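In this text the structure is predicted, and so the values were computed from the model without any measurement.
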Amino acid sequence: MSRTTRLSPSLLRAAAVTGVAALALTACGSGSGSSSTSAGSGSVKVGLITKTDTNPFFVKMKEGAEKAAKQDGVQLMTAAGKFDGDNAGQVTAIENMVAAGVKGILITPSDSKAIVPAVQKARAKGVLVIALDTPTEPQSAVDALFATNNLNAGKLIGQYAKAAMKGKTAKIATLDLAPGVSVGVLRHNGFLQGFGATDKDVACAQDTGGDQAKGQTAMENCLQKDPGINLVYTINEPAALGAYTALKAKGREKDVLIVSVDGGCTGTQAVKDGKIAATSQQYPLKMAAEGVKAVVSYAKTGKKASGYTDTGVNLITDKAQAGVTSKDTAFGLQNCWG
């Protein structure tokens with residue numbers, strides 16, 4: 001969850017020459033850590049460093065990497081962080097994986113700036129480094145980025161919200177991630193652009209860390225600040241469900257529009273149940289699978305992946321709006337994660 005200068009959400013750790021030591025984190029959640037070597041026994045080694053082993057987004061990402069590694073007959077080394085923001089642990093994970101002889105590392109950066117020196121050292125030793133989900137700052141610090149276009153994901157729900165409001169004056173609450181995290185910044189800015197608004201039009205802005213309990217508290221604070229709020233943007237679906245709980249307690253769940261980003265199975269079900277009006281769905285399994293294949297290609301041909309690969313996003317809703325392309329929750333539940 002999903003999910004931008006410190007520009008990034010959470011982090012990791014680990015990997016040893018034959019095993020992988022631990023850490024665990026999150027971008028839009030929190031976790032406890034572990035690490036392992038799995039999926040395949042080939043001579044080519046691929047490293048995957050996620051932010052947590054418990055967040056469904058990263059569980060699906062690991063699943064995608066494991067499946068791709070098995071198909072390609074390569075060895076996958078994995079690591080996950082113990083807490084959000086453990087840049088030191090993420091650096092250690094990179095160093096251990098390089099020492100273990102990996103051909104490439106796939107990483108969801110915790111601190112997009114602070115991780116850059118470690119990435120540069122790995123690349124200097126011939127290791128292909130691909131960022132998944134979250135860009136480094138600068139983005140060019142890695143060889144390639146495979147991720148959702150988070151700005152576009154935000155624009156989609158902003159456009160949807162504008163159409164769904166049908167000309168009503170919007171009193172907007174934004175339940176964001178955390179200051180300087182690029183995923184959160186991009187989604188927030190995209191939502192406002194899609195809606196045709198600016199931060200000056202936001203009645204209440206609160207940070208939630210992508211956490212459901214914090215999302216509920218943030219919504220309670222916003223309702224206290226402005227009881228007339230009728231549109232809520234949230235960084236991810238846990239925050240959206242927290243907002244829904246706060247609104248329901250006030251009897252407002254039917255007259256406030258909630259839109260979100262991520263497309264996890266719980267969140268998509270909440271769209272089907274009418275708790276969230278729409279969400280932008282992203283695809284972590286695809287990010288990781290394509291990352292593994294890029295490392296395998298590099299091992300075989302010497303050609304490195306480069307630039308940005310958009311792994312796609314779809315607006316999911318059962319209340320389609322004219323002029324806004326969307327797919328229904330049947331599609332969303334078939335393609336969700338978690």
Side-chain angles (χ1 to χ4, degrees), residues 1-3 28-29 56-57 153-176 187-188 190-191 194-195 197 203-204 206 208 210-223 226-283 313-338:
M1 229 162 61
S2 92
R3 358 108 126 13
C28 297
F57 185 89
K155 284 182 179 178
L156 281 173
I157 57 168
Q159 291 165 354
Y160 175 87
K162 186 69 172 181
M165 291 294 285
K166 300 186 186 306
K168 294 179 185 175
T169 299
K171 287 195 173 183
I172 304 170
T174 61
L175 305 192
D176 297 303
R187 292 181 185 182
H188 172 98
F191 165 75
F195 193 82
C204 181
Q206 296 270 303
T208 69
D211 178 79
Q212 184 164 340
K214 291 179 180 178
Q216 181 176 343
T217 299
M219 190 72 250
E220 290 167 349
N221 292 340
C222 284
L223 288 173
D226 189 338
I229 285 169
N230 57 8
L231 172 59
V232 181
Y233 152 82
T234 67
I235 178 63
N236 65 2
E237 292 135 9
L241 289 170
Y244 176 83
T245 299
L247 289 163
K248 187 174 182 180
K250 295 289 187 181
R252 297 285 317 283
E253 75 275 15
K254 299 293 185 183
D255 62 306
V256 177
L257 188 76
I258 303 175
V259 294
S260 195
V261 180
D262 259 359
C265 294
T266 299
T268 304
Q269 184 63 46
V271 175
K272 183 176 181 180
D273 294 340
K275 296 177 181 179
I276 303 171
T279 192
S280 287
Q281 186 173 69
Q282 55 182 337
Y283 304 102
V313 64
N314 284 296
L315 182 73
I316 305 299
T317 183
D318 285 332
K319 298 178 180 178
Q321 298 295 323
V324 184
T325 302
S326 65
K327 294 184 180 295
D328 62 18
T329 55
F331 174 91
L333 289 169
Q334 287 175 350
N335 293 277
C336 65
W337 41 270

Is there any side chain to side chain donor-acceptor pair (under 3.5 Å) pair reaching into residues 241-258, and which pairs are they, with sequence neighbours excluded?
Arg252-Asp255
Test side chain to side chain donor-acceptor pair (under 3.5 Å) applied to Gln206 - qualifying residues, sequence neighbours left out
Asn221
Side-chain heavy-atom pair Leu315, Val324 within 4.5 angstrom cut-off:
yes
Straight-line distance of Gln282 CD to Asp262 CG, nearest 0.5 Å
5.0 Å
Side-chain donor/acceptor pairs under 3.5 Å, residues 166-175, sequence neighbours excluded:
| unit_1 | atom_1 | unit_2 | atom_2 | d |
| --- | --- | --- | --- | --- |
| Lys166 | NZ | Gln321 | OE1 | 3.1 |
| Thr174 | OG1 | Asp176 | OD2 | 3.2 |

Heavy-atom pair with the smallest gap, counting every atom of Ser326 and Ala320:
OG-CB, 3.8 Å
When rounded to the nearest 0.5 angstrom, what distance separates CG in Leu156 from CZ in Arg187?
12.0 Å
Whether Tyr233 and His188 hold their rings parallel, tilted or perpendicular, with breakpoints at 30° and 60°
perpendicular
According to side chain to side chain donor-acceptor pair (under 3.5 Å), does anything in residues 264-279 pair up with another residue at least two apart or in another chain? List the pairs.
Glu237-Thr279, Gln269-Asp273
Could you tell me if the side chain of Ile276 sits less than 4.5 Å from the side chain of Thr234, heavy atoms only?
no
Asp328 side, atom CG; Lys319 side, atom NZ - distance, nearest 0.5 Å
14.0 Å
To the nearest 0.5 Å, tell me how far Asn236 CG sits from Gln212 CD.
9.5 Å
Applying side-chain contact (heavy atoms from CB on, under 4.5 Å) to Asn314 and not counting sequence neighbours gives Tyr283, Ile316, Lys327, Phe331
Can you find a heavy atom in the side chain of Ser280 that is under 4.5 Å from one in the side chain of Ile157?
yes
Contacts of Tyr160 that satisfy ring pair (Phe, Tyr, Trp, His ring centres under 6.0 Å) - sequence neighbours left out
none
